[in-house]
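Letters go in sequence order (proteins before strands), and every chain restarts at 1. The figures that follow rest on heavy atoms only: side chains count, while hydrogens, waters and symmetry mates do not. Owing to the predicted nature of the structure, the values given are computational and were not obtained by experimental measurement.
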Amino acid sequence: MLRNQLTRRIGVPLAALAMSILGVVAVAPGSPAGASTSYQSAHAGGTLKLLATQGSGTLDPQVNYTLQYWQLYQATYDGLVSFQKVSDAASFQVVPDLAVAMPKVTNGGKTYTFVLRKGIKFSNGAPVTVNDVRSSLQRIFKVSNPNSGSWYNVIVGGPACVTTPATCTLNGGVVVNAATNTVTINLITPDAEFLDQLAVPFGSILPSTAPTKDAGSVPIPGTGAYKFKSYNSSTGIVMVRNPYFKVWSAAAQPQGYPNEIDMNFGATVESEVTAVQNGQGDWVYDPLPSDRLQALSTTYAKQLHVHSLTANWYLPMNVNIAPFNNLKARQALNYAIDKNAAIKLFGGKLLADPTCTILPPGFPGHVPYCAYNKGSGSTYNGPDLAKAKALVAASGTKGDAVAIVVINDSVNSAVGQYVQSVLNSIGYKATVKPLSSNIQFTYIQNTKNKVQISLSQWYQDYPAASDFVKVLLSCSEFHPASDNSINMSGFCNKSLDAKMNTAETLELTNPTAANALWGQIDQQMMSKYAPWVPLFNPKQLDFVSKRVGNYQFSRQFYMYVDQLWVK
Amino acid sequence: MPDDPTSTEAVLSVRDLKVSFATRQGELRAVDGLSFDVGSKEVLGIVGESGSGKSVAMYSMLGLVRDSNVTISGSVKFEGREILGLGDKEMQSVRGGDVGMIFQDPMTALTPVYTVGWQIVEQIRAHTDLTKAQAKARAVELLGEVGIPNPQRRAGQFPHEFSGGMRQRVVIAMALSCNPRLLIADEPTTALDVTTQAQILDLMEKLQQSYGSSIVIITHDMGVIAEMADRVVVMYAGRPAEIGPELEVVRFPRHPYTWGLLGAVPRVDSKNTRLVTIPGVSVSPLDVPDGCAFAPRCEHRMAICDERPALLGDGEHVDACWLSDAQRVAIRSGSKTSGGRP
Amino acid sequence: MAALGVVLFVVTACLLAPVYAHDLAHVDAFTSNLNGTIRLNGRTVSVLQANTQGLGFGVTPIGPTWHFTNYFLGADNQGRDVFARLLYGGRATLLIGSTSAIICCLVATVLGLAAGYFGGVIDWVVSRVFDIVWAFPIYLLAISLSVILLTSGLNIGPLHIGAGSLLLPILIIAMVFVPYVGRPLRGIVLSLKEREFVQAAIGSGASDWHIITKEILPNVAPTIIVFLPLMVAFNMLTESALSFLSIGVQPPNASWGTIINDGLGLLYTRPWVAIAPGIGIVLTAGALNVLGDGVRDAFDPKARLRGSI
Amino acid sequence: MVSFIIRRLISAVLVLFAISVMVFLIFFATPGVDPAARIAGRSASPAVVAAVRASFGLNRPLPIRYLLMMEHLFIKRDLTSYVNPNTPVIPQILRAAPVTLSLVLGAALIWLLIGVLGGVVAAANRGKFIDPLIMFVGIAAVSVPAYWLGEVVNYFTQSRFHSSVFSWVPSSGYVSITTSPVQWALHLVFPWLTLAALYAGIYARVLRAELVNALNEDYVRTARAKGLSERRILVRHALRCSLVALVSLFGLDFGALIGGAALLTEVVMGLPGIGQLTYNALQSLDLPVIMGCVMYAAFFVVFANAVVDVLYALLDPRVRVA
Amino acid sequence: MSGEVLLRATDVVKTFTSRGKKLGARNVATAVNGVSLEVRRGETLGIVGESGCGKSTLARCLVQLLPVTSGSVEFRGVELTGLSRRQLRPHRREMQLVFQDPYASLNPRRTVGDIVADPMRINKIGSDQEIGDRVRDLFVTVGLDPASIRRYPHEFSGGQRQRIGIARSLSLNPSLVVADEPVSALDVSVQAQVLNLMADLQESLQLTYLFIAHDLGVVRHVSDRVGVMYLGEIVELGDAEGIYGSPLHPYTEALLSVVPELNDTDAPRRERILITGDVPDPSARPDGCSFHPRCPVATDECRTLKPPLIELRPGRFVACHHPRNID
């Protein structure tokens, strides 16, 4: 494809309890955080020019569900809490933001009490009040936020809001007290991930005057260091400094450096790269075209930044229709695929690591493990074609027709063609069916389309094992005949589901044991059922212009655009 | 051919004109040894069936045959000046200026996108120094002269707004616009109905008298010749078969081809039971016999017909045939039964 | 004549693709060869070469070896022999171009004959359909149909055409251009219908079938024959455009358009992958155009086909 | 004339209606593209999808949905995209239109200039060396896939020789003429040339054929008999009459291109015009945008057809009366 | 002139409708306006008129190639209008058309043998062998070489093609041949050949001709009776001798007077009566007598009252308020 657009998707954790309440509370309010402590005003100013082939839909932070804009929301919106804005691992940490401190959790984990900071103003000059917090939480439902029915319906009154968004009140769920400046949120059940969910842009606090429907291209005032000045989904975004912004917690919302941040759309990725090479642009959002990598890594080595991502490229196999309703067939493909070969198509071994597990490395619960390997060992050694062929023969599925559905961009399509080759080599009659990126994701979910195998990616939005294991492979996420059935394998195993529930319960009391259990589930899932072929964990490669300094990477939201120096 | 007695006063004098085209099938001899004179104020009719080369002869003289495969030889003198082989520039002043032309199909002869006035003005301005306004006035005047009612308004109309007859009048007006000494009319009435034809012929006669031009009229219709021409050239297969004063040729045709041609015409004034026919079909210009071109169809051919006969005869009336006068008399008197005329 | 020579040469070369691939180059044009190696100048070289310079990002396929026996034009990002794919791709392109042209002409002839000859309701319906398709921007129609059919495949009653089938682009291209041929044909039929030899046939009591097949069709045929080479050229271009947009021939099948599309990702490092099939298209379409001109001169100086994508 | 225009108008509206129905049906019959699922967001829960479906009226019968869409597009003029919610379709099209117009206008100037010149020179030199040469170049231009030419041009101007000969070429994209006329032109030079190549080829060939036909017409013979110069005959008579065909060709091409037919050139050259908008919408099956773009494009095709009829009447007096 | 009436047309009207300039308006051109005539067995009825007078349309209406708008066409006592194509078939065999243009009337893509054999094949007359024999016979009859049946029309000259057209029309042994300008596209020498051939065939095959032409000489030559058409109407009808000798209608008179004559006798030239103007548009016919705008003797009566076709003398019909040459 021309756009070379690789959809980065953000995972959906569901009613899971990955982070212990203790863990969250342990973070002291206002604790010093990384680079933000020492703002170097000498580097302030200038215009940062970001480049992307195209826009990514609505600008509404409570609706938009794309990394492209979540990355920008870090500098424009705040929640009651947010992920700490520091480099690397610590960026998974949730810290108080508009709240003075982390909430007081009572009532067996069902009641969260926040105290709102005073004196913070929206970019339109209005002060942030507890009413804004309440209306923002209501607004999540009123705009039919994608996760309103899976995350936020844990709030008391939430389920009713999901069915009739227009009349959402969250009565009893969100209680505010203007006098004490407190916000109390009551949950139906304890939810350890609730704070993570409030920390993502969906939990942004917006003025109560914000429209109660998707604001689309009209910017909504926020509290961040920047505000959106204009947005045009086909030409670009302009962000300027928020005149009402004052630093209240550098860890949560540091002061930014550029005076203006532009993101321009419309160019091809090739010309974006050229523009950054020539200094006409500062950063390329889109994945770098593979045939530019060699030249870039020699001539522009200093301008490249690589970071591991907690994400997975994998092949979900439909366990309900032939041939992959046969375990041997699924195992055979796991043996047959050469993950290192697939990595070559992604840009080489420095840009991705092969993986055999569902959970990515660096995630709670991840244990190095490889069930299908050349020889033995817990790390991936290579394919075993002989075993694969034997398994296919044993499964009796040899000669079956298999179609693999992939996105029609160049990398996905290339991996798809490679998988097709492998399928052919172990005895299937395989075809590739490339679909446009906007269609493929929903197409492969719907059982009506009878997709046997597809290529998909899962990028976390916050670190919780359930985000991968439960969301992608539990019975509750399998909805036959629906375009929204994220469990693409259609995998549903009651005993594993029970284990997942146990792990969730355990998390409340013993996170370490819970993580170990998640790791077991992962291994069991792969060795006994093999609903996927995990391929690799990709890395993020950022290419910035020569003038850009102070590159910092969040594992949560990737590069901090507002922390870059252009002076 | 008479020994050039009239060449000094002849407006047009053609000698041994040959036009041939190199084609894939060989040499196509469209005109092969044509000679004639057109006297001052004389109307010369050239008659022949399709493919006889009568039009090609006229067009080639004026450089209107634009085909890289054509070869033209002989001599064509216009008012004593050789015009064959003139350069484009000089030829342009002859065409339209000294020589006007009228064409067969008035429906296609005018450029469809310009008004008829514009087209006449264009020609006037190409040959005279008249101003636009003067030329315009002249054009309107001409349209009036050729019998177009309301010429002022009609000058501003486009060709398609005119009927066939009216269009032919426009073409005539255009041809006359620069007072040509010679008018060449190529089948000017073939495409017209008989009542319109009468109008046009009438008009041409009148104009010829008032303008004093000489006219060469090319036609396949002996009737038109009879109406218009002073002298006739009968052509067959690119060659002149018979040349003579109109009355003589019609009443006392000498060449067997002319006999057939005249006898084949059904008449309105008498019911002839059976028409005279010429057997066979016209000879292809690709293989005209070296001898008499008409011989293959001639009922009276002889051994000598393998040689090409010269144009010979008495005074102005000449023909190209090997038959002796006596033979002709015998044949003519014996052919009465088959519908021939005295 | 030279044009015919070029067309025949290209067709022959493409038909011989398996011979080249299997007997000369010993490669499979449709199987990924990510870990493959070849012997080149006595050394063993990887088909896909990992970058060793700088930070070491990127994997680049081998460039043209200019050795006719192996990777003549180098490899694509799957490590497949570009030259072998070029020949196979030419087969698909030519197949689609010619089959769709034939189908298009057949359908157009049937519709044009029916509309022009029978007139009345049939003519009204056919003409209106032509009008609509005519006003429907052709590229939009082709792309719309392709996007949709590639997602769902085509199911007409018992007939099922899979999304990857070459039949899909063939049918799409054929259908889209039907009005461009059908309209002039209808006009020709209309005028033929008034011709005296048709009147003569009616006058002797001929049936519609007789008139259509014996009197009209033989006179329409030259026009169709004139259209054909131009249609083939034009359909080839359309096919390659659709394939270039990833909505024509589906991988791992190749056509010149898909190879150009593949080559785009390699334009900076291996430009030949994209340039070579383009030259193939220009050469073949050009030759077909020249041929079409020749046929037109021979048959019918007035026919003209236009439209563009 | 008035009745002619009314008739044209009615038939144009009917055609547009038929096309809109066609587009609507085509895109609603497709599996895997439930707009509600996509509007709701990735992995939204069934309840949220249901809520979205109801709020967008997607749970209503097809004819109603069609009418709703038409109402939003033409009457309320606030139809919004499914993929970029709350992004109205009409402003998107209005923003893309100037880009396409810039591209097509410039290219049209170039191709008319080259095409007419080529056609006239070739026709005037029939049988000489230059005629087949021009026609050969014309055939080559017609046979080059536009997108490929664009890519090759990009390769040379943006990559291969970007550091040397073509250093003045800006990276692809569009700069509004109001922002900087110089940058506007610089950005468009190669897109213009790329697009113009095909049409210059077509026009030169068509014009030559028309001229050759015209030069064999009786009226040209008349013009010669009038003693006009060959140049005048060629230009004032033959060319003037051939223009009728050329202008109608131009009208249709121009209409189609303004409507977005330069899709491939726009996509390859990275110009955010109608073509690219359409293409992106088709890629994401964004029905409202597709509908808007198709209506827009079809409007220009139909409109161009009508304009061509009028131009015909202006250029060819024979049509004026009939 | 008392043969059996083979074909009788009564008040035949044929109009063509086209879209008018105004919205919803219709242009109605009346090509044939109430023509009545009879063709008797064995005779040749000539129809003469200038281009656009509707004579070809009339011919096509008579042989049912065009449906009449109103009026009746009886062939051998059978009403033909309103018959279906199937019902017409047996009658079609009896009346055949010979066309004007020998280039357009023969299918260029078929051999001349097929062209001549087709009517027999269509009507399933005889075996292939018999049809082949008959085709060869017909070729001989019309003076063509039977060896040439496998050739295509373009290989023949105009006169030969017209012979092929005649052979085709004869292949079904028709009793009536309607010849629509059969010789107008031919050179005069070839025209004579074809006219002679037609005369011979009429004699040997007892054919009845309806002969349509614009050439007054040709019509006179072949016809027993002549009808003169003007603007879709028959203005004068009668025996050829009478019409040509003493025309009654001013149009006929003018028409005859302007025919170019070969002045090969000493007889005085006829005085030309030049009629002015052009034939009116058939969609805007004048009131009253349709000839009145061009008529040299028109009166107010002519401008308002349409003259009926009346039998002025036995067998002589004329539609004029002021007939000429009446003693």
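Using a cutoff of 4.0 Å between basic side-chain nitrogens and carboxylate oxygens, E215(C) and R110(E) are scored as salt-bridged. At a threshold of 4.0 Å, the pair D137(E)-R134(E) does not count as salt-bridged, since none of the basic side-chain nitrogens sits closer than that to a carboxylate oxygen. For R161(E) and D101(E), the salt-bridge test fails: no basic side-chain N is under 4.0 Å from an acidic carboxylate O.
The contact between R60(E) and chain C is made entirely by side chain atoms (from C-beta outward), counting heavy-atom distances below 4.5 Å. N107(E) touches chain C through backbone and side chain together, each having a heavy atom under 4.5 Å away. Within the 4.5 angstrom heavy-atom criterion, no atom of R86(E) approaches chain C. Only the side chain of D118(E) comes within less than 4.5 Å of a heavy atom of chain C; its backbone N, CA, C and O stay farther away. Heavy-atom distances place no part of L88(E) under 4.5 Å from chain C, backbone and side chain included.
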Pair R109(E)-D114(E), salt bridge (charged side-chain N to carboxylate O under 4.0 Å, His left out): steps then yes or no: CA-CA 10 Å; R109(E) 305 278 159 197; D114(E) 280 340; over 6 Å; no

Chi angles and distances behind the side-chain contact (heavy atoms from CB on, under 4.5 Å) call for V133(C), M175(C): CA-CA 9 Å; V133(C) 178; M175(C) 290 309 134; over 6 Å; no

For M231(C) and V181(C): C-alpha separation, side-chain torsions, deciding distance, then whether side-chain contact (heavy atoms from CB on, under 4.5 Å) applies. CA-CA 9 Å; M231(C) 283 288 293; V181(C) 184; 3.7 Å; yes

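Under a 3.5 Å cut-off, the side chain of E94(E) and the backbone N or O of H91(E) do not form any donor-acceptor pair.
A search for ring pair (Phe, Tyr, Trp, His ring centres under 6.0 Å) contacts involving Y88(C) returns F30(C), not counting sequence neighbours. Not a single salt bridge (Lys or Arg N to Asp or Glu O under 4.0 Å) links R92(E) to another residue, sequence neighbours left out.
Most heavy-atom pairs under 4.5 Å with chain C, from the set I115(E), L106(E), V63(E): that is L106(E). In terms of heavy-atom pairs under 4.5 Å with chain C, the best-connected choice from P90(E), G165(E), P108(E) is P108(E). Here R85(E) is the residue among R121(E), R168(E), R85(E) with the most heavy-atom pairs under 4.5 Å with chain C.
Proximity to chain E at a heavy-atom threshold of 4.5 Å picks out A206(C), S207(C), D208(C), H210(C), I211(C), K214(C) from residues 206-214 of chain C, in numerical order. Listed in order of number, the residues of residues 107-120 of chain C that approach chain E to under 4.5 Å between heavy atoms are Y117(C).
The side-chain tip of R151(E) points at the ring of F156(E) from less than 6.0 angstrom away and within 45° of straight on.
Summarising the geometry, atom CD1 belonging to I47(E) is positioned 5.5 Å from atom CG belonging to L37(E); distances are rounded to the nearest 0.5 Å. Interatomic distance, L66(E) CG to L58(E) CG, rounded to the nearest 0.5 Å: 10.5 Å. The CG atom of L15(C) sits 6.0 Å away from atom CZ of R91(C), with the distance rounded to the nearest 0.5 Å.
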